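All figures in this text were calculated on a predicted structure; none of them were measured in a lab. Just so it is clear, the values below take in all heavy atoms, side chains as well, and ignore hydrogens, waters and symmetry mates.
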Amino acid sequence: MDYLDQMSASMGLKGMINIVVVLVFIGISWWALQELKLEMMLRRPKSAQAKMLQILLSIALGYQIARFVIDYLEWSTWFSGMF
């Protein structure tokens, strides 16, 4: 394998891992938001709009948490270059 093939495979694997991490944290966010009482804040908590809001909130929250974890792991690998 030459260098470009190795880089391409490495980037593909990293992309796949990032996708899985984001989806896992979106799922965790969805699970955690089930405990939130949205009935108090919404006019019709059983409507399609309320479910869509819950989905969008879980995507936004899950993505932000996953981005933090991915960035943190990437930053921690940079320390190996210091020593």
Side-chain angles (χ1 to χ4, degrees):
M1 257 182 139
D2 66 339
Y3 181 72
L4 289 178
D5 288 339
Q6 263 185 330
M7 285 294 288
S8 179
S10 174
M11 288 177 63
L13 181 61
K14 186 176 179 180
M16 183 71 88
I17 290 170
N18 286 354
I19 289 171
V20 169
V21 168
V22 168
L23 290 176
V24 165
F25 278 102
I26 288 173
I28 291 171
S29 296
W30 171 263
W31 173 72
L33 284 174
Q34 299 299 310
E35 288 299 312
L36 189 64
K37 285 195 169 207
L38 292 175
E39 296 87 26
M40 293 184 213
M41 295 185 289
L42 301 173
R43 283 186 286 186
R44 294 174 305 185
K46 301 290 184 191
S47 68
Q49 289 104 345
K51 285 295 176 192
M52 180 57 75
L53 177 63
Q54 193 171 16
I55 290 169
L56 292 174
L57 283 173
S58 65
I59 290 171
L61 183 63
Y63 177 78
Q64 291 301 320
I65 295 169
R67 197 70 247 162
F68 171 77
V69 169
I70 290 167
D71 286 344
Y72 186 83
L73 291 174
E74 186 176 345
W75 297 334
S76 66
T77 60
W78 292 350
F79 285 122
S80 65
M82 290 177 58
F83 304 105

All N/O donor-acceptor pairs, side-chain side in residues 64-77, below 3.5 Å, sequence neighbours left out:
{"residue": "Arg67", "atom": "NH2", "partner": "Asp71", "partner atom": "OD1", "Å": "3.1"}
{"residue": "Ser76", "atom": "OG", "partner": "Tyr72", "partner atom": "O", "Å": "3.4"}
{"residue": "Ser76", "atom": "OG", "partner": "Leu73", "partner atom": "O", "Å": "2.7"}
{"residue": "Thr77", "atom": "OG1", "partner": "Glu74", "partner atom": "O", "Å": "2.6"}

With the 4.5 Å side-chain cut-off for hydrophobic clustering, are Leu57 and Ile55 part of the same group?
-> no
Sort and list the pairs that fulfil salt bridge (charged side-chain N to carboxylate O under 4.0 Å, His left out) and have at least one residue in residues 19-31, not counting sequence neighbours.
-> none
Any chance you could pull the hydrophobic cluster mates of Leu23, using side-chain heavy atoms under 4.5 angstrom and chaining through other members?
-> Ile19
With sequence neighbours left out, what residues match Gln49 under side-chain contact (heavy atoms from CB on, under 4.5 Å)?
-> Arg44, Ser47
Any chain of hydrophobic side-chain contacts (each under 4.5 Å) joining Val24 to Ile59?
-> yes
May I ask you to list the residues sharing a hydrophobic cluster with Met11, side-chain cutoff 4.5 Å, ordered by chain and number?
-> none
What residues, two or more places apart in sequence or in another chain, satisfy side-chain contact (heavy atoms from CB on, under 4.5 Å) together with Lys46?
-> none
Quick one: side chains of residues 26-34, donor-acceptor pairs under 3.5 Å with protein atoms, not counting sequence neighbours, listed by atom name and distance.
{"residue": "Ser29", "atom": "OG", "partner": "Phe25", "partner atom": "O", "Å": "2.9"}
{"residue": "Ser29", "atom": "OG", "partner": "Gly62", "partner atom": "N", "Å": "3.2"}
{"residue": "Gln34", "atom": "NE2", "partner": "Trp30", "partner atom": "O", "Å": "3.3"}

